[in-house]
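Protein chains get the first letters and strands the later ones, always in sequence-line order, with residue 1 at the start of each. Bear in mind the structure is a predicted one, so any value in this text is a computation, not a measurement.
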Amino acid sequence: MILIPNRNCIFKPSKLKAKNMEYNFREIETKWRQFWAANETFKTEHTSTKPKYYVLDMFPYPSGAGLHVGHPLGYIASDIYARYKRLQGFNVLHPMGYDSFGLPAEQYAIQTGQHPAITTEDNIHRYRDQLDNIGFSFDWSKEVRTSSPEYYKWTQWIFTELFASWFNNATQKAEPIEALIEKFEKEGNSTVTACTDFEQTFSAEQWNAFTSIEKESILQEYRLAYLADSWVNWCPALGTVLANDEVINGLSERGNHPVEQKKMRQWSLRIKAYGERLLTGLEELDWTESIKEIQRNWIGKSQGASVEFNVEGSSEKIEVFTTRPDTIFGVTFLVLAPEHPLVNQLTTEDRKVAVAAYQKEASLKTERDRQANVKHISGVNIGAYAIHPFTGEIVELWIGDYVLASYGTGAVMAVPCGDQRDWDFARHFNLEIKNIFENIDISEAAYAEKEGVIANSGFLTGLPIKSAIVKAIEAVEEKQIGKGKTNYRLRDAVFSRQRYWGEPFPVYYKEGLPHMIDAQHLPIVLPEVEKYLPTEDGQPPLGNSKDWAWDTIANKVVSNDAIDNTSIFPLELNTMPGWAGSSWYFLRYMDASNSTAFASKEQTTYWNSVDLYIGGSEHATGHLLYARFWTKFLADRGYLSFDEPFKKMINQGMILGRSSFVYRTTDGKQLISKSQKENFETIPLHVDISLVDNDRLNIEAFKKWRPEYAEANFVIEEDGSYLCGSEVEKMSKSKFNVQTPDELVEKFGADTLRMYEMFLGPLEQSKPWDTKGINGVHNFLRKFWRLFHQNENGKESIFNVSDEEPTKEALKTLHKTIQKISIDLERFSFNTGVSNFMIATNELTEQKCSNRAILTDLLVLLSPYAPHICEELWVQLGHEAGTLSHASLPICNESYLVADTFSYPVSFNGKVRFKVELSASLDSKSIEDHVMKMKEMEKYLEGKTPKKFIVVPGRIVNVVV
RNA sequence: GCCCAGGUGGCGGAAUUGGUAGACGCGCUGGAUUCAAAAUCCAGUUCCCCUGGAGUGCGGGUUCGAUUCCCGCCCUGGGUACCA
């Protein structure tokens with residue numbers, strides 16, 4: 001391949017040739033990007049005799065800010081891995097797409113009137129350009145966008161399937177709702193073990209006598225997608241509900257707005273049904289322990305018992321959940337959540353005012369207030385009494401906001417001696433603290449350990465705690481006042497959002513009941529609206545659409561004016577949450593253009609679960625849980641042959657930005673250099689990092705950037721420069737510390753950027769972005785290039801490789817590198833991979849090696865890291881047809897690595913004193929003999945005889961004196 | 001509070017099963033080349049009271065030998081929380 005002469009050099013012909021063969025990364029990279037696109041080099045074969053490998057990245061939300069240097073970190077790692085897998089002969093699926101529904105585009109639309117589809121399209125183009133610039137080997141023919149109707153058609157379809165399913169606890173599987181209806185018709189619901197909160201029983205006769213409305217409202221209690229009045233996180237500022245994982249410390253994840261509790265009729269998904277499988281499924285996954293632990297905590301399985309307490313003078317019973325049934329004799333009072341349904345009924349007349357006041361106070365508190373006041377103890381006695389099921393004693397009933405209505409049964413049996421919160425509560429209100437632990441002092445704090453012996457507890461007295469738990473559950477079950485029970489912290493996921501830019505529900509309402517639109521009529525396309533805000537009467541934005549009704553005869557969306565509630569009905573106004581589309585996108589990639597199914601069973605069976613998933617750990621309780629849930633559901637219903645989506649996952653660390661500051665005096669007139677700032681009263685101001693080089697401010701550029709300081713007085717350093725301060729923070733536009741990959745690609749090239757991002761440190765570690773080392777990586781690539789281009793007379797560089805037999809030492813360098821790179825790859829240790837390439841290049845440069853065989857192998861080995869330069873050199877080596885993307889990875893021949901001699905460090909009491917070069921084949925005894933005769937021994941033995949002589953062959957010699 | 005990850009030179013970091021601590025790169029210092037600069041090349045660079053000694057957050061322990069294993073603390077980052 002002959003390069004096009006550099007036009008800039010036309011007038012300097014003497015230098016033309018030399019310049020020609022320099023590492024001109026701009027020309028090389030542009031050329032190969034075009035080559036790959038034109039030849040569809042990375043298009044994945046659908047059928048192949050090769051083994052499959054699926055490498056997935058978390059697809060980005062295309063925001064207006066574009067990619068910053070943190071985004072590509074994971075993408076580069078996965079791209080390197082995908083390229084290696086291709087070289088190893090795998091049929092690799094390595095796709096990319098966009099999570100293109102979401103809040104920012106909608107908020108931008110509210111502010112500007114710009115349709116979110118247009119903003120999103122623009123942003124996607126920008127992202128695509130940026131991604132292309134880095135030279136990723138994505139198969140773009142499989143791109144997905146969650147906001148495209150061809151895609152969300154299937155998101156809607158999955159929702160209708162969830163609606164049409166229930167969870168059978170007996171089989172631990174989702175099953176079709178028809179099977180449940182059939183059971184109801186024949187046997188009623190008493191034999192059904194389903195995941196539901198519905199507790200009434202009905203016979204077949206009763207079922208068959210129900211009206212269709214009654215039937216449907218019962219079925220809602222079983223469906224995996226159901227409408228229910230539930231407590232939701234309502235964010236007034238965003239005007240929408242949020243899922244638990246979208247609320248952080250009582251504030252919305254997006255925008256940090258306060259979130260309150262509100263009861264609303266919303267779609268929910270019964271993820272709770274999968275609690276146990278989501279938990280046990282973690283065991284087989286190759287994920288980090290920390291992310292598994294986060295999911296375990298989120299699912300929050302706790303085992304214990306439910307126990308019923310009778311209420312004195314009432315037929316009502318209070319059910320409590322406890323993990324410590326063994327402490328039942330320690331109960332001295334019960335505490336109910338203020339919202340507990342029995343509170344109003346049981347409260348005695350004299351307590352009504354106080355209870356109502358407390359309830360009101362509790363309801364007004366936001367989640368955040370409640371969390372902020374954790375140490376504050378409050379509660380009210382409601383006047384009524386419960387009866388202890390074993391002692392028959394009466395125990396007081398209280399309400400307190402430390403008991404949550406939404407967890408367990410909304411009521412607890414208080415055991416102050418065994419639970420610190422109960423202890424605190426008892427102390428605060430002067431309630432009895434009964435000690436039921438043998439030889440344990442509970443005068444200062446509760447005893448919560450599960451070690452010890454129970455005392456003062458009737459039939460439990462004398463039992464160790466662990467057996468007392470078992471015995472207590474038996475007793476409770478025998479008395480028929482409770483049973484052993486497992487509780488999960490995991491809540492069903494609220495699936496409605498009061499937003500515009502999301503998937504519309506394929507749902508219309510007839511007589512107040514939801515009906516699904518048949519799959520053959522999907523997608524239900526998002527309607528056009530005039531404005532993206534809620535309607536004046538508080539309906540979600542889709543309420544602004546004039547054409548949002550479903551014609552059940554024509555099977556199409558029609559004008560609202562046509563609604564007659566006989567054949568034309570109103571459509572659902574909510575849209576689906578952001579995580580709907582991202583819960584199954586990895587399946588769509590397998591068969592992205594399928595128009596008859598979300599993906600064919602043939603393709604999903606071939607590709608199976610993702611072999612390697614790289615992405616951030618911030619999705620642990622959101623996306624990663626929901627995606628597992630949907631995968632299990634689709635597997636249960638027979639659409640997939642596997643039920644875990646991501647076999648192995650690596651979580652890349654966050655790249656932080658390094659912000660720069662100038663120090664402005666409080667009067668705003670002077671700007672003080674860092675070392676002088678202690679002498680003034682100053683405020684630090686973020687300054688754009690492009691104006692700062694090595695902490696030194698470009699004062700002229702700064703004046704142009706901030707004209708208000710053009711006249712300011714700069715207090716500078718002795719050397720005349722202005723020194724900025726710095727801090728490591730999250731990258732953000734407002735902190736002026738965003739580094740885009742584009743400028744680095746422009747300055748150093750994509751290959752340098754790729755290798756530098758990998759060289760920064762271990763992939764999983766968070767680290768500040770710092771470009772000061774990028775020269776080192778760039779120089780490495782130039783040095784690598786020079787291996788192929790001999791520098792003659794110090795002036796001309798021409799392509800020049802030798803065809804001689806490779807030397808022994810060059811072979812050793814090559815094969816050592818092959819071995820190390822493959823070990824690094826298995827460990828996902830990309831940073832040491834880069835350094836091993838540097839070592840190889842340094843050694844071959846030293847050896848003056850320009851051997852074709854050596855360099856060809858090294859080139860293939862390096863190509864996943866730095867694909868552009870390697871493609872170019874590959875062609876120069878004579879592979880005229882181009883591309884080494886599907887070449888074979890060289891294999892390590894260990895016979896080249898065997899060394900004849902080894903330089904033994906000789907240490908005394910563990911301290912290395914000198915070295916000796918010995919034959920590698922010597923045995924321990926010969927080594928000892930040889931070392932003992934050495935003249936250096938005299939000095940370190942100081943006339944003594946060694947107590948011990950340790951030889952580790954091939955490692956070390958240690959003399960104990 | 002509880003759970004998880006981590007703490008190594010001026011900096012980013014390396015050290016696969018306990019076996020030469022500081023690979024590789026940055027930065028810095030000196031030198032070569034150059035009219036000069038860039039680039040490139042060569043040498044040096046953990047610290048100190050320097051023929052020696054200390055040293056992988058701190059204090060102990062096991063071992064011939066510990067960044068690596070054990071015990072107790074400190075600090076940083078992440079997760080989570082009146083979850084009964």
Could you give the distance separating [M] and [N] at their [atom1] atoms, to the nearest angstrom?
N      : M      : atom1 : answer
B:rG18 : B:rA66 : P     : 13 Å
B:rG57 : B:rG9  : C1'   : 15 Å
B:rG72 : B:rG53 : C1'   : 29 Å
B:rG79 : B:rG12 : C1'   : 26 Å
B:rA38 : B:rU45 : P     : 24 Å
B:rC47 : B:rU29 : P     : 15 Å
B:rC50 : B:rC58 : C1'   : 27 Å
B:rG13 : B:rA21 : C1'   : 13 Å

Could you state the [atom1]-[atom2] distance from [X] to [N], rounded to the nearest angstrom?
X        : N      : atom1 : atom2 : result
A:Asp424 : B:rA84 : CG    : P     : 16 Å
A:Ile299 : B:rU80 : CD1   : P     : 14 Å
A:Lys301 : B:rA84 : NZ    : P     : 14 Å
A:Glu764 : B:rG79 : CD    : P     : 17 Å
A:Trp298 : B:rC2  : CH2   : P     : 22 Å
A:Glu757 : B:rC24 : CD    : C1'   : 18 Å
A:Arg421 : B:rC2  : CZ    : C1'   : 13 Å
A:Lys772 : B:rG27 : NZ    : P     : 9 Å

Assess whether atom NE2 of A:His930 is packed by more than 12 heavy atoms of other residues, nucleotides or ligands within 6.0 Å.
no
With sequence neighbours excluded, what pairs up with A:Thr817 under the side chain to side chain donor-acceptor pair (under 3.5 Å) test?
none
Got a sec, which residues hit side chain to side chain donor-acceptor pair (under 3.5 Å) with A:Asn842, two or more places apart in sequence or on another chain?
A:Lys783
What heavy-atom pair brings A:Ser903 and A:Glu917 nearest, and what distance separates the two atoms?
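That would be CB-OE1, 3.4 Å.
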Starting at the 5' end of RNA chain B, write a dot or bracket for each base, bracketing those in Watson-Crick or G-U wobble pairs whose two distances are under 3.5 Å and using | for partners on another strand.
(((((((..(((......[....)))((((((.......))))))(((...)))..(((((..]....))))))))))))....
Among [options], which is the nearest nucleotide to the side chain of [X]?
X        : options                : answer
A:Val912 : B:rC82, B:rC4, B:rU20  : B:rU20
A:Asn958 : B:rC3, B:rC64, B:rA84  : B:rC64
A:Leu404 : B:rC83, B:rC4, B:rG13  : B:rC83
A:Ile839 : B:rU20, B:rA15, B:rA23 : B:rA23
A:Arg489 : B:rC83, B:rU20, B:rG12 : B:rC83
A:Thr621 : B:rG19, B:rU80, B:rA21 : B:rU80
A:Val403 : B:rA84, B:rC26, B:rG19 : B:rA84
A:Phe321 : B:rA84, B:rC3, B:rG25  : B:rA84

Just by distance, do the side chain of [X] and the backbone of [Y] share a donor-acceptor pair under 3.5 Å?
X        : Y        : result
A:Trp423 : A:Ile442 : yes
A:Arg628 : A:Leu278 : yes
A:Glu396 : A:Phe333 : no
A:Gln295 : A:Ala620 : yes
A:Lys485 : A:Phe321 : no
A:Arg754 : A:Ala866 : no

For [N], does either OP1 or OP2 sit under 4.0 Å from a side-chain N or O belonging to [X]?
X        : N      : answer
A:Asn842 : B:rG25 : yes
A:Tyr407 : B:rA84 : yes
A:Arg955 : B:rG65 : no
A:Arg296 : B:rC2  : no
A:Gln420 : B:rG1  : no
A:Arg491 : B:rC83 : no

So A:Phe784 and A:Phe837, side chain to side chain contact (heavy atoms under 4.5 Å, CB included) or not? Walk me through it.
CA-CA 9 Å; A:Phe784 182 75; A:Phe837 282 119; over 6 Å; no
Nearest-nucleotide comparison on RNA chain B, the residue closer to the 5′ end among A:Glu289 and A:Phe902
A:Glu289
If each of A:Ile823 and A:Met838 is mapped to the nucleotide of RNA chain B with the nearest heavy atom, which maps nearer the 5' terminus, i.e. the 5' end?
A:Ile823
To the nearest 0.5 Å, atom CG of A:Asn909 lies from atom NZ of A:Lys947 at 8.0 Å
A correct 5'-to-3' footprint of nucleotides 36-63 of chain B, with B, S and - meaning base, sugar-phosphate only and no protein heavy atom under 4.0 Å, is ---SSS----------SSS---------
B:rC50: syn or anti, with syn meaning chi within 90° of zero?
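Syn, angle within 90° of zero.
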So which of residues 829-837 of chain A are in contact with RNA chain B, with a heavy-atom cut-off of under 4.0 Å?
A:Asn831, A:Thr832, A:Ser835
Between A:Tyr756 and A:His778, does the ring centroid distance fall short of 6.0 Å?
no
Please report, to 0.1 Å, the donor-acceptor pairs under 3.5 Å made by any side chain of residues 299-308 of chain A, with sequence neighbours excluded.
residue, atom, partner, partner atom, Å
A:Lys301, NZ, A:Glu276, OE1, 3.0
A:Lys301, NZ, A:Glu276, OE2, 3.1
A:Ser302, OG, A:Tyr407, OH, 3.0
A:Ser306, OG, A:Glu319, OE2, 3.4

Considering every strand and a 4.0 Å limit on heavy-atom distances, what is the contact class for A:Leu760: base, sugar-phosphate, or nothing?
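A:Leu760: backbone/sugar contact only, no base atoms under 4.0 Å.
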Describe the nucleic acid contact of A:Val960 in one word from base, sugar-phosphate, nothing, applying a heavy-atom distance below 4.0 Å.
sugar-phosphate
State whether a side-chain donor-acceptor pair under 3.5 Å links A:Glu764 with A:Thr288.
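On atom types as modelled, these side chains do not qualify, holding no pair under 3.5 Å.
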